[in-house]
Amino acid sequence: MTPRACWDWACERTGLDRVWDALMARHIPEARGPVAWFYALGSATLFVFTLQAVTGALLAMNYVPSPDHAYDSVRFIGSQVLFGRFIRGLHHWGASAMVILVALHMLRVYFMAAYKYPREATWIVGVTLFTLVMGFSFTGYLLPWDQKAYWATMVGTSIAGQTPVIGPYMSKVLLGGAEMGAATMTRFYALHVLVLPMVTAAALGAHLFLVVWHGISEPPRRKEQGS
Amino acid sequence: MTDWHAAYRERYKKLKEAGKPFFPYAVLKDTLVAALILCVLSYLAWHFGAGLEELADPTDTTYNPRPEWYFLFLFQALKFFPGTLEAVAATLLPGLGMLILILLPFIDRGPARHPLDRPFWTILGVATLAGIGWLTWAGYRSPLTNPVVEKDPVTLQGQRLYRDLNCSYCHILGGKGGQLGPNLDKVLGNHDDAWLTKHFRDPQALSPGTGMPKLDLLDDEIHALVAYLDSLGSGPYSAEAPKLFAENCAACHTIHGKGGDTGPDLSLIGSARDKAFMRNYIADPSKMNQASSMPGFSGQLTDHQIEDLARYLSSLR
């Protein structure tokens with residue numbers, strides 16, 4: 001079969017050509033000059049998210065979520081696992097990159113008022129994704145179980161515990177009991193590698209669908225030029 | 001109100017038709033940016049890795065956690081809210097921020113999109129950014145609430161010994177441990193160094209019938225354990241200590257509503273700092289915190305008086 005025939009075969013069975021038309025061949029309003037680069041922030045965030053998912057999965061293969069073994073398993077990753085130190089480094093710096101990119105992406109949308117009609121829902125899902133990133137960062141911080149991890153999480157959960165009315169319940173749910181220990185760790189681990197990724201994947205799907213469906217917002221123009 | 005919606009749809013449709021296909025124009029830029037980010041992250045990961053501090057130690061009350069850099073501004077902002085207000089602000093501030101963000105498209109809903117056509121929102125955005133930037137910088141510069149506590153190596157050795165000997169199997173310290181032996185949180189201040197030294201050398205000789213085993217420790221190890229326990233318990237202070245405070249410290253510091261407000265309120269300082277920290281701080285603040293304007297007292301007070309004061313302050317919790 002020629003490549004052409006392969007392509008036709010695949011299109012007939014999967015609708016690949018229509019997916020290509022809808023995603024890749026779709027037209028977007030032209031952005032000229034440096035402004036055009038601001039439009040890459042969303043996809044950059046998606047890229048780092050994928051990087052976090054891959055490095056995270058690799059780390060999870062050697063990590064043990066219990067106070068007795070977590071610290072040693074992280075040391076093991078850093079000293080024994082092939083490229084372990086590099087992969088953990090990528091995941092660590094990738095976490096900061098996520099926060100920076102999400103913030104920059106949000107600022108682009110804010111200053112260009114791209115959240116306005118008809119993209120309100122895209123914005124709300126986006127803000128949700130922002131809080132999910134914060135959730136990732138908070139739950140992931142505890143996992144190495146070193147001094148920094150333990151005490152920073154202690155501060156974080158005690159702040160959550162001081163919320164008026166629901167605080168004590170929130171802190172109990174987060175910690176899995178009255179104080180920090182093995183239950184806290186498994187809880188944070190489950191949130192970090194199961195719950196948050198699933199919710200984020202769903203929200204991300206919705207966000208991307210809405211972006212493609214509405215079309216990306218155009219670079220704003222002054223009023224007198226007609227906006 | 002919504003008459004501009006149809007006009008926008010019409011205008012966007014034209015812009016889209018006159019625009020460019022997503023592939024390759026946008027995809028090319030996206031790929032270049034992703035490659036650049038991957039390079040930067042790889043460099044950081046390769047050269048700096050990801051740090052790993054010592055194993056978490058729940059009994060270590062002197063560790064000062066520093067929040068991740070992107071939470072620094074929030075912690076700095078909380079300093080503007082005194083006492084119980086801080087707890088409320090800690091959840092209300094971020095909550096309010098998120099609420100405004102979510103509701104933004106329903107508050108700002110006119111047709112204007114250019115930043116210069118929305119001066120209120122543009123100024124608000126720039127001001128918020130500047131505020132966060134300034135708070136982050138101030139939080140980074142200010143060691144006042146998060147000074148790095150230089151721990152005495154002997155104390156550190158004692159802390160490790162406490163862990164390695166599994167003392168927490170029988171004793172409670174920092175709210176954690178077994179209940180076979182006395183609760184160290186309660187009894188630590190009752191004994192002096194000499195008693196503790198004898199106790200570690202031969203528990204039976206000092207308190208016959210005790211369940212505490214003889215540990216056959218070296219003199220150095222006993223010394224380290226005593227230093228560690230000393231660093232935790234405040235120990236008894238004399239009736240002179242509150243007077244010392246009133247004479248030397250109250251001009252700037254408040255305890256339970258009495259005193260000046262130039263320096264921090266010390267009503268609960270014992271829950272944040274241990275005795276050794278306070279002894280060193282009173283003697284020479286510049287060593288612990290260069291930004292402090294507090295004078296050192298090592299010349300004015302005797303070592304005995306400073307110790308007394310430190311014990312008094314660490315009892316405030």
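Only heavy atoms go into these numbers, but all of them, side chains included; no hydrogens, no water, no symmetry mates. Given the structure is predicted, the values throughout are model-derived calculations rather than measurements. Below, read A as the first sequence line, B as the second, and so on, with proteins coming before strands; counting in each chain starts at 1.
Most heavy-atom pairs under 4.5 Å with chain A: of the set B:V33, B:L41, B:L92, B:T31, this distinction falls to B:L41. Listed options B:G51, B:A26, B:G49 were ranked by heavy-atom pairs under 4.5 angstrom with chain A; first place goes to B:G49. For chain B, the option among A:G94, A:A97, A:S137 with the highest count of heavy-atom pairs below 4.5 Å is A:S137. When each of B:K29, B:H47, B:E68 is scored by its heavy-atom pairs under 4.5 Å with chain A, the top score falls to B:K29. Interface summary for chain A: among B:A90, B:S42, B:A7, the most heavy-atom pairs under 4.5 angstrom belong to B:S42. Of the listed residues (A:A44, A:G215, A:A25, A:G161), the greatest number of heavy-atom pairs within a distance under 4.5 Å of chain B belongs to A:G215. Put simply, of A:W20, A:W145, A:Y39, A:W37, the one with the most heavy-atom pairs under 4.5 Å next to chain B is A:W37. Between chain B and the residues A:Y117, A:F130, A:F111, the largest count of heavy-atom pairs under 4.5 Å involves A:Y117. No other option in B:A18, B:G95, B:P94, B:G125 has as many heavy-atom pairs under 4.5 Å with chain A as B:G125. Contact tally against chain B (heavy-atom pairs below 4.5 Å) for A:Y115, A:Y150, A:F83: the top residue is A:Y115. Counting heavy-atom pairs under 4.5 Å between each of A:H92, A:H27, A:E30 and chain B puts A:H27 at the top.
How far CZ of B:R118 is from CD1 of B:I123: 11.5 Å, rounded to the nearest 0.5 Å. A distance of 5.0 Å separates CD1 in A:I77 from CG in A:N62, rounded to the nearest 0.5 Å. Atom CZ of B:R9 sits about 13.5 Å away from atom CZ of B:R11, to the nearest 0.5 Å.
Neither the backbone nor the side chain of A:M154 comes within less than 4.5 Å of any heavy atom of chain B. With a threshold of 4.5 angstrom between heavy atoms, B:V126 approaches chain A through its backbone and through its side chain. B:L32 touches chain A through its side chain: at least one heavy atom from C-beta onward sits under 4.5 Å away, while N, CA, C and O do not. When heavy atoms are compared at a cutoff of 4.5 Å, B:F48 approaches chain A by way of both its backbone and its side chain. Using a 4.5 Å cut-off between heavy atoms, A:I28 touches chain B through backbone and side chain atoms alike. Contacts of A:W123 with chain B are made by side-chain atoms alone, with heavy-atom separations under 4.5 Å and no backbone atom involved. For A:A31, no part lies near chain B; criterion is any non-hydrogen pair under 4.5 Å. Heavy atoms of A:R75 lying under 4.5 Å from chain B belong to its backbone as well as its side chain. Heavy atoms closer than 4.5 Å to chain B are found in the backbone of A:H214, but not in its side chain. With a 4.5 Å cut-off on non-hydrogen atoms, A:S96 touches chain B through its backbone and its side chain both. A:L90 touches chain B through backbone and side chain together, each having a heavy atom under 4.5 Å away. Neither the backbone nor the side chain of B:L74 comes within contact range of chain A; no heavy atoms are under 4.5 Å apart. Proximity to chain A is limited to the side chain of B:L129, based on heavy atoms less than 4.5 angstrom apart. Neither the backbone nor the side chain of A:I87 comes within contact range of chain B, judged by heavy atoms closer than 4.5 Å. A:L23 touches chain B through its backbone: at least one of N, CA, C or O sits under 4.5 Å from a heavy atom, while the side chain does not.
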**Item:** ring pair (Phe, Tyr, Trp, His ring centres under 6.0 Å) assessment of A:F188 paired with A:F138
**Value:** CA-CA 9 Å; A:F188 273 45; A:F138 181 61; 5.6 Å; yes
**Item:** Test side chain to side chain contact (heavy atoms under 4.5 Å, CB included) applied to B:F22 and A:I216, step by step
**Value:** CA-CA 10 Å; B:F22 184 72; A:I216 194 74; over 6 Å; no
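With A:R119 contributing its side chain and A:A114 its backbone, the two residues share no donor-acceptor pair below 3.5 Å.
Here the shortest heavy-atom pairing between B:A34 and A:F47 reads O-CE2, 3.4 Å. Smallest separation of non-hydrogen atoms from A:T131 and A:T128: OG1-O, 2.6 Å. Minimum interatomic distance between A:R187 and A:L174 (heavy atoms only, all atoms of both residues): CD-O, 3.5 Å.
Proximity of B:H171 to B:N183: side-chain heavy atoms (C-beta onward) are nowhere separated by under 4.5 Å. By the 4.5 Å heavy-atom criterion applied to side chains, A:E179 and A:T184 are not counted as neighbours.
Note on ring orientation: taking the six-membered ring where Trp is involved, the planes of B:Y12 and B:Y8 are parallel (angle under 30°, cut-offs 30° and 60°). The aromatic rings of A:Y63 and A:Y189 are tilted relative to each other, their planes meeting at an angle between 30° and 60°.
The environment of B:W46 atom CH2 is sparse: at most 12 non-hydrogen atoms of other residues, nucleotides or ligands sit within 6.0 angstrom. Counting non-hydrogen atoms of other residues, nucleotides and ligands closer than 6.0 Å to CZ of B:F106 gives a total above 12.
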